[in-house]
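Note sheet for the following structure.
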Amino acid sequence: MEAIKTAGLTKYYGKARGIQGVNLSVEQGEYFGFIGPNGAGKSTTIRLLTGLITPTSGSAQVLGRDVVRQKEEVLSDIGYLPSEAVFYSGMKVRDVLKLSADLRKKDCSAEAQRLCERLELDPSRKVDELSFGNRKKVAIVCAFQSSPSLLILDEPTSGLDPLMQRAFFELIREQNDRGTTVFLSSHILSEIQHNCTRAAVIREGEIIACDRVEVLGQSNAKRVAVRGTVNLDGLEGIRDLKREEQGVSFLYSGGMNLLLHRLSAGDILDLSVSDPDLEEIFLHFYEKGGEG
Amino acid sequence: MTIVKHELRQGKISFLVWTLAIAFLLAVCVVLFPEMKGEMDGVTKIFSSMGSFTAAFGMDRLNFGTLIGYYAIECGNVLGLGGAFYAALTGAGMLSKEQRDRTAEFLFTHPVKRVRIITEKLLAILIQITAMNLIIYITALVSIRMVGETIPWTEFNLLHLAYYLLQLELAGICFGISAFMKRGSAGAGMGLAALTYFLALIANIAKPASFLKYITPFSYCSGADIVSDRSLNTGLVAVGMALGAAGILAAYLNYSRKDL
């Protein structure tokens with residue numbers, strides 16, 4: 001049984017496209033990345049999975065349960081971390097955590113205390129007085145304290161400092177090692193590259209690639225950085241050309257002999273040819289019609 | 001009952017401010033009665049010569065010199081308007097505030113049925129309005145006893161019951177409005193409360209506009225009618241309760257399926 005399975009999941013807001021024909025399959029225990037630029041449909045997908053909105057067509061199941069017909073059962077299995085952590089004004093952190101636990105009809109006090117200590121979060125403070133990052137920590141504790149089977153994390157690290165980001169990803173890793181499925185939505189590619197085993201890329205509401213992160217990172221293109229002067233005019237297969245002070249840098253997917261021929265005719269002081277990082281590849285996924 | 005408790009905590013300050021303000025003003029009105037009682041004969045004469053203004057407030061049929069006549073007009077306005085505004089505000093904000101304050105994502109991603117959330121929120125409104133009316137009722141009773149007046153139980157109870165029903169009706173309608181609006185629902189609720197108050201005045205003044213009494217809850221709260229009939233107009237109350245129920249039904253139908 002998959003942790004998440006969607007079939008032709010589509011959402012339109014009036015005439016505006018949300019997502020269209022999204023087919024996703026996330027196995028239980030997976031650490032799955034969901035990546036795409038702003039407005040691509042990541043949040044719409046998550047809002048459909050958490051029952052905040054209903055699909056225009058298609059279906060979605062979480063742990064074998066339909067997200068529309070069995071919404072409450074689905075939500076009892078999900079720990080959800082929204083991109084923006086907003087709570088009721090005037091409440092203390094401990095009251096928010098208790099409210100969340102009470103709504104789940106669970107006593108999560110021991111786990112909440114452990115998480116607060118781990119994230120250095122003072123439960124006696126009022127949520128209105130907290131910085132954006134600390135409010136995010138409250139949302140993290142809310143999502144994790146009930147030990148859910150599936151964690152849905154929407155842009156989880158925004159507002160967290162690098163040290164706290166590391167602590168947060170350690171926390172997710174521990175949960176994942178215990179069998180919790182993680183669905184991590186982000187536009188920060190390094191987060192996906194360093195943490196997830198598989199990922200789906202969404203662009204303009206449609207899934208354009210879904211595979212293991214290493215496979216997604218494979219590309220015929222090379223990143224070529226040249227210090228010196230070289231004439232590249234008319235050479236096919238060059239993208240993302242950047243002219244630098246002492247040379248040029250570009251992604252190259254053309255014939256290697258042609259490139260070597262041009263380079264040998266130039267005045268080269270230094271040369272490096274490397275695989276492009278995932279970020280560079282995804283940038284091309286993002287561009288309409290781009291290929292990795 | 002987690003959401004009921006949560007809503008009661010969230011609405012605590014508003015509840016205390018409105019309840020204490022209305023109870024205090026009502027008590028002041030009652031305490032002033034003995035002092036004004038002697039001058040009331042003159043006041044009644046003045047009011048009776050003010051034409052349609054007198055009719056608007058039902059003062060042509062009430063005797064200001066009696067406690068219940070005075071109470072029905074003075075205190076009725078305090079409790080009528082104050083209670084209506086509080087009920088409208090509470091009802092109008094109850095659902096819309098989740099989207100306005102962006103807390104919907106927190107609340108509605110917990111495993112609680114939407115219908116249950118709506119029901120508990122409705123229950124929180126009912127508890128707050130009932131508690132406010134009980135406190136005000138007791139305050140009024142104590143105040144009347146303090147000034148040594150006899151309590152005309154039937155009229156007194158009917159007046160308070162009428163205003164309680166008015167608040168429930170307005171809260172129900174505004175609860176329905178709340179389900180459809182993200183922002184501005186508080187203004188809409190307050191506007192509705194004020195509008196219905198003035199519609200009742202117009203219905204009292206102008207005969208051609210008397211049909212308005214069927215759409216304003218203030219019509220079945222008319223002190224003059226209640227004191228002279230010693231009963232509530234059940235037809236008007238039934239229309240009012242139906243309007244309140246329609247608001248609640250609309251809230252359930254819309255909000256239980258709404259995209260948040």
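First the proteins, then the strands, lettered A, B, ... as listed; each starts at 1. All values below come from the heavy atoms of this structure, side chains included, with hydrogens, waters and symmetry mates left out.
Heavy-atom pairs under 4.5 Å with chain B were tallied for Ser100(A), Gly51(A), Ala139(A), Gly90(A); the largest tally goes to Ser100(A). When the candidates Ser76(A), Ser146(A), Ala85(A) are compared by the number of heavy-atom contacts under 4.5 Å with chain B, Ser76(A) comes out ahead. Of the listed residues (Asp102(A), Ile152(A), Leu99(A)), the one with the most heavy-atom contacts under 4.5 Å to chain B is Leu99(A).
Atom NZ of Lys92(A) has 12 or fewer heavy atoms from other residues, nucleotides or ligands within 6.0 Å. Within 6.0 Å of NZ in Lys97(B) there are more than 12 heavy atoms belonging to other residues, nucleotides or ligands. By the 6.0 Å contact criterion, CZ on Phe24(B) is open, its count of non-hydrogen atoms from other residues, nucleotides or ligands being 12 or less. Residue-environment remark: CZ (Arg257(B)) stays at or below the threshold of 12 foreign heavy atoms within 6.0 Å. In Arg9(B), the CZ atom is not crowded: 12 or fewer heavy atoms of neighbouring residues, nucleotides or ligands sit closer than 6.0 Å.
Asp259(B) contributes a side-chain N or O that, together with a main-chain N or O of Thr54(A), makes up a donor-acceptor pair within less than 3.5 Å. The closest donor-acceptor contact from the side chain of Arg47(A) to the backbone of Glu105(B) lies at 3.5 Å or more, if one exists at all.
Here the straight-line distance linking atom CG of Asp95(A) with atom NE2 of His6(B) works out to 10.5 Å at 0.5 Å rounding.
In this structure, the side chains of Arg104(A) and Pro111(B) come closer than 4.5 Å at one or more pairs of heavy atoms. Tyr88(A) has its side chain out of reach of Asp101(B): every pair of non-hydrogen atoms, C-beta onward, lies at least 4.5 Å apart. Considering only heavy atoms from C-beta on, Arg116(B) stays 4.5 Å or farther from Glu72(A) through its side chain.
Contacts of Ser89(A) with chain B are made by backbone atoms alone, with heavy-atom separations under 4.5 Å and no side-chain atom involved. Of the two parts of Lys258(B), only the backbone, made up of N, CA, C and O, holds a non-hydrogen atom closer than 4.5 Å to a non-hydrogen atom of chain A. For chain B, the nearby part of Lys11(A) is the side chain; its heavy atoms alone come within less than 4.5 Å. In this structure, the portions of Arg114(B) lying under 4.5 Å from any heavy atom of chain A include both its backbone and its side chain. In this structure, the portion of Tyr80(A) lying under 4.5 Å from any heavy atom of chain B is its side chain and not its backbone. Neither the backbone nor the side chain of Val68(A) has a heavy atom closer than 4.5 Å to any heavy atom of chain B.
In this structure, Leu75(A) and Phe108(B) approach most closely via the heavy-atom pair CD1-O, 3.7 Å. Residues Arg102(B) and Val86(A) approach most closely at O-CB, 3.4 Å, considering heavy atoms.
For residues 97-133 of chain A, there are no ring pair (Phe, Tyr, Trp, His ring centres under 6.0 Å) pairs, not counting sequence neighbours.
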